[in-house]
Structures are given as C-alpha cells and as structure tokens.
Amino acid sequence: MLKEISIKDFAIIDNLSINFESGMTALTGETGAGKSIIIDAVGLLAGGRGSQHFIRTGANKSILQGLFDIPHDGTTAAKLDEFGIDHDDDSVILQRELFKNGRNICRVNGMLVNTNTLKKIGETLVDIYGQNEHQTLMQNDKHILLLDEFIGSKLKDVLEKYQLQYHLYLKLKKQLANKNQNEKEWAQRLDMLQYQVNEIENADLIDGEEEKLVAEKNSLNNFQTINQNLNQALTNIEGDDNISPLDMIGDAMSSIEDIEELDNSFTSISENIKSAFYMLQDASKEISNQMDTLEFDSNRLEEVEARLSTIYELKHKYGDSIRQILAYYEKISAELQEMQSEENSGSDLETQLRKCISDLNELGGQLTEIRHQGAKKLKNKIQQQLSDLYMDKTEFEVHFKQLPKDTFSSKGVETVEFYIQTNPGEAMQPLNKVASGGELSRIMLALKTIFSKLQGVTSIIFDEVDTGVSGRVAQAIAEKIHHISMKSQALCITHLPQVAAMADHQYYIAKHVDANNRTETSIELLSGKSRVKELARMLAGATVTKLAIDHAEELLKLADAEKHK
C-alpha cells in the first residue's frame, strides 16, 4: 500500500508530504483545491505519461517520491526481481523528476530505470480508477480482456500456448505468401547467394594471407636489386683477393691489443675495434646466409600475383578486408541455408501451416470452453454486485461470436461483448448502446470489486467515481468502496458526504494565496469536530447550520455501525 507521498513544485503544489494508512481514505475539499493533482502525482509515480506542464510555474523541475509497503512474495517483489532491483525489506521507493526540457529521471529503490520499467512496476502497486475509466466498458474489444482477467490462471496457461501457435501461424503465412508472391525474386536471390557463397568458398581465403603475399611479391619483384646490394655489401666487408677490409680491421685490433698492456688508456679503443670487428663478422655471415636462400622463381611470382588479384576482386565485391569477406560469407551462408530449407520444403510450409491451423482450432476451442464457464460465474458475481448497488432489476450477460472458420485473432477464435437489460421485458442490448453514465460507473465499480480480490494491487484509487449519484446509491457506492478497502488500500476523492463518512481516514485539501500572491495547496488530516464540520460543509454547502452538523454526526455513526456489522 501507499505509505507516504512527497510532492514538490508540481502544478499548484509547492511542497507537500502526506502519510497514508491502510483501509479507506477519503480526500475532500472544494473543487480545484488540488485533490486530483495529488492523484496525478501518484499516477506519474506509477509510470504515467509525464509533461512539462505539470511543473509549477517558476520552478525548473518537479520532484515526486512515494513509499509503498509490499508483500515480500507478491507480484511487485517478483517484478523487482525480474529487473534486478534490490528490495531487502518489504517496501519500495519510487522517485520521478520532471524537467522543463522534457527529460525524465526515474528511480526505483535508488536504481535508475526508464519510464517503461517504472510503469511495469507501478501497475503492480496502484490501480487508478478515474471518472472516465468506465469508458473502457464502451470499447467492445476490451470486454474479452476483462473476462480473461476475471478467469485468471486457468485461462492464462491455455492462452499462452494459443498465442505461441498464433505467432507461428503468422510467420508461416508470411513465409508462404512471400514465397508464392515473389517466386521470381526468391529464385534470383537464391541463385545470387549460391554464386557468392561458392565464389568465396572456392577462394579458400585465410585471414592475414594478403599481407604475407604482398610482402612476398615485393621480395620477388625486387630480387635483382636485393641480390646486387647484398653482393656489394659482402664485397665491401670481406674485400677481394688484393685487400680485405675485415682483415685490415683485424690487423688494427691486433695492433692496439699489443699496446693495450702498456697503457690502459688504449683499452677503450681496443674494445670499440673488437666490437666493430665481430659485428662485421656477424653481418658478413648473415648476408651470406641471405644470399644462399635468395632465389628468384618467376612462376611463384605469377602465382602470388594471381592470388592477390583474386583477393582484390573479392574485396571489391564483398568487403574491405579478408576478415570482412569471411564475415559476409558467414551471413549469406546462413541466409542461403534457410532459403534452401524453405525451398526444399515449399510443400512442407503448407503442411506446417495446416498443422498450425489445426492446433489453433483445438486450443481456440479450449479457450472458448473456459471462457463460457467463466462467463457464467462472472454473470452471477456481477448480478450480485449490481444488486448491492441498487441495479437489482438489471440483467447482465456475456455474448460470444465465433470468428469465421480458420480465422484467428491474438485472443482466440471468438469475440466477447457485454450485454445488459436495464428494465424487465426489454431485449438484451450491447452495453455501449443502452447503459447510462451512472449505470456504466456502477458496473465498472462492480467489476473493480470483483477484480480487487484477484489482481494483488496494493492500492486502488477512486477519482470522483461517484459523480452524478446521490441518496441510497451514493451510500451503496460508499459501502462498496469500503468493502474493497478491506482487501486493498482504497484512496477516494469524493464530493459525497456518504462516501467520506464511510472512510477510515479523511483528509481535507484546500488552496490559498500566499504573501507572494502564489496559489498553494495544503492538506489536513481530519478527526473529531473538524471532520464533522467538513462533512457538514459537504452536506449543506457554504452555510453550515446546526442541522447540518447533526446530520454529519449521524452519518458518521451510521457509517461506523455499517463497518462493524
């Protein structure tokens, strides 16, 4: 349930913090005082659509925070686990900041989340039932969702199996249609992929070979230059029959060695000459080895150039490097394999589709049977709830219409529509054709009463759902909302004293103009005389009489008696 909400710079609210308790809480006050703004704030915390228009004039951002108590093993805890959000204790904190530039920052227990994640978590915590929510009943396509929600897990398992088959059915239909309608393009694509796969496959490319081939080509092309320069270098080091530079350096090394013992100042010179002599010896051997292994093969040069030509041609077609070519090869090989599989099983696609249609019809039949059973139970429960709301003469039914043979929707093989008969002797008619606004509101409240036991939502908010009713109907609505609050926390914005009197807690919302000529909203928890006075105002209007006070006290006594039956 919602334990606390903090609102800063939101609409006409400057800074407001409210603590809530379990049971039924009524929010009352003059029209425009900010009651619905508080509900808007809760809705945004639960992932509702944000807007910069919510930000208080003169502020840069709005900040909303809400603390909720949650069952440790409930749907909210499971959703938090799904998103990897810590929740060591049985509570969760939602926070949302709205900025002037349209940016949103959302956090759950301090962890940054996007608005979609916030909404998925929020819808397990809060169910807001506004004045226009009963319009859901005017949309026929929503009726099947309401029926399925009522039936619950018994239907859910079969529906999940059905929807898996339904997605397969759509995929098979698309594949078969594409193949039949684009046979020429299909064949052309198949031929092209086969050619490209074969061309790359036959090239037998190896990642990194291009660099090695280029080096080898350069070496072969420069054989004459390399060979001449190696010979010249060796001659310059070793000399010819007449003179040898290396021998001369050797003689110099011996000469210095002879005088090195006479004066140690020659030691450094001796070491340098020795180093030069041995390094030149090593270089001479290395040059000789290179010359021994160096050979020119014109056939090999042709092979290298032909191979590089193949690589360059493939690079021009399929990628800037051998690695990219091989990656492209993997991609088109997979596509080719899939297309060949589908081509080889063109008739198999039709067989699979027929099998899928058969499975859909079977699962759809199971859904129909479960829904028909659930519809009977829903009818009985709705009738009971409507009777409690002084619509005991109203008849409620769930009508089914079978889709044409082998026609499917994501929800099954039939459509569902709610019908009512508001007066005895009249024909049953679609709900959206004959129900008045007050009747729709009460039917929706009846559904909420039933579903509140099933949904596991910790807080249900009623935003002026009692508009347009009075007398005993208003009392019945009050009792129904209080009944709901015994299963889930109920917050109720109301202008009806009967509803407010039935609440376990009552807050008075007011607005006033401060010293800076700014409108602000304030909230006060009512009890004792202050609550009686507010109920009297709701009964009598601007002028509160003693009779109104007496009537308010009587309302509270009657409400207390009703709650303790």
Side-chain angles (χ1 to χ4, degrees), residues 82 120 136 139-198 201 328-379 397-419 430:
E82 179 184 334
K120 288 180 179 179
T136 301
Q139 303 171 34
N140 294 343
D141 59 327
K142 296 293 195 302
H143 294 179
I144 193 169
L145 301 177
L146 291 169
L147 175 61
D148 289 356
E149 185 179 351
F150 169 74
I151 296 171
S153 59
K154 183 178 180 182
L155 180 93
K156 184 179 179 182
D157 294 340
V158 180
L159 184 59
E160 286 178 351
K161 293 177 184 177
Y162 172 89
Q163 288 177 336
L164 282 174
Q165 285 297 316
Y166 179 70
H167 292 310
L168 176 60
Y169 163 77
L170 295 178
K171 179 183 177 182
L172 291 171
K173 274 190 71 176
K174 183 178 180 181
Q175 287 178 342
L176 196 58
N178 286 342
K179 189 173 186 304
N180 292 337
Q181 293 175 12
N182 304 292
E183 199 122 31
K184 183 178 179 181
E185 290 85 352
W186 177 282
Q188 288 175 341
R189 177 67 177 169
L190 192 66
D191 287 345
M192 183 186 73
L193 290 176
Q194 185 66 72
Y195 172 80
Q196 291 181 344
V197 165
N198 289 341
E201 208 168 62
Y328 178 74
Y329 170 77
E330 294 296 328
K331 177 183 174 183
I332 61 173
S333 294
E335 184 182 351
L336 178 63
Q337 185 176 4
E338 183 178 351
M339 290 184 71
Q340 287 175 330
S341 174
E342 292 177 5
E343 183 190 49
N344 294 335
S345 59
S347 59
D348 189 44
L349 273 177
E350 296 177 358
T351 303
Q352 289 181 58
L353 185 58
R354 285 195 296 270
K355 172 68 166 56
C356 187
I357 289 172
S358 175
D359 291 342
L360 277 175
N361 279 319
E362 181 180 348
L363 289 166
Q366 294 178 31
L367 289 175
T368 299
E369 183 178 352
I370 295 171
R371 282 176 177 144
H372 275 271
Q373 294 171 358
K376 293 176 183 177
K377 295 179 180 178
L378 179 62
K379 173 184 176 179
E397 286 186 359
V398 181
H399 280 213
F400 292 86
K401 183 178 179 181
Q402 195 76 16
L403 295 177
K405 180 177 171 59
D406 293 343
T407 301
F408 311 99
S409 77
S410 62
K411 302 176 185 71
V413 294
E414 73 273 315
T415 60
V416 171
E417 188 172 1
F418 294 161
Y419 274 58

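Put simply, the side chain of Gln194 never gets that close to the backbone of Leu336: no donor and acceptor are under 3.5 Å apart. Within the 3.5 Å criterion, the main-chain N or O of Gly364 finds a donor-acceptor partner in the side chain of Thr368.
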Problem set entry | Stepwise side chain to side chain contact (heavy atoms under 4.5 Å, CB included) check, Lys120 with Glu82 | CA-CA 11 Å; Lys120 288 180 179 179; Glu82 179 184 334; 5.8 Å; no

Problem set entry | Intermediate values then yes/no, side chain to side chain contact (heavy atoms under 4.5 Å, CB included), Ile357 and Asn361 | CA-CA 6 Å; Ile357 289 172; Asn361 279 319; 3.6 Å; yes

For this session: Output, in order, the C-alpha distance, side-chain angles, deciding distance and verdict of salt bridge (charged side-chain N to carboxylate O under 4.0 Å, His left out) for Lys156 and Asp148.
Result: CA-CA 8 Å; Lys156 184 179 179 182; Asp148 289 356; over 6 Å; no

For this session: Check the pair Ile144 / Arg371 against side chain to side chain contact (heavy atoms under 4.5 Å, CB included), numbers first and verdict last.
Result: CA-CA 9 Å; Ile144 193 169; Arg371 282 176 177 144; 3.6 Å; yes

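Using bins of under 30°, 30° to 60° and over 60° for the plane-to-plane angle, the ring pair Tyr169/Phe408 lands in the perpendicular bin.
For Tyr166, the ring pair (Phe, Tyr, Trp, His ring centres under 6.0 Å) test picks out no residue, with sequence neighbours left out.
Atom SG of Cys356 is separated from atom CG of Leu349 by 11.5 Å, given to the nearest 0.5 angstrom. Rounding to the nearest 0.5 Å gives a distance of 11.0 Å between CG of Leu367 and NZ of Lys161. Rounding to the nearest 0.5 Å places CG of Leu159 at 9.5 Å from NZ of Lys411. Note that CG of Leu353 is 7.5 Å distant from NZ of Lys173, once rounded to the nearest 0.5 Å. Leu378 contributes atom CG, which lies 12.0 Å from atom CD of Glu397 (distance to the nearest 0.5 angstrom). Interatomic distance, Glu335 CD to Gln337 CD, rounded to the nearest 0.5 Å: 12.0 Å.
Side chains of Gln366 and Glu362 form a contact here, defined as non-hydrogen atoms less than 4.5 Å apart. Between Val398 and His143 the shortest side-chain heavy-atom distance does not fall below 4.5 Å. Contact check for Asn140 versus Pro430: no side-chain heavy atoms found under the 4.5 Å cut-off. Taking the side chain as every heavy atom from C-beta outward, Phe400 and Leu147 approach each other to under 4.5 Å. Arg189 places a side-chain heavy atom less than 4.5 Å from the side chain of Met192.
Between Gly365 and Val413, the shortest heavy-atom contact is N-CG2, 4.4 Å. Nearest heavy atom pair, residue Gln165 against residue Leu363, reads CG-CD1, 3.8 Å. For the residue pair Ser333 and Val197, the shortest heavy atom distance occurs at OG-CG2, 3.9 Å.
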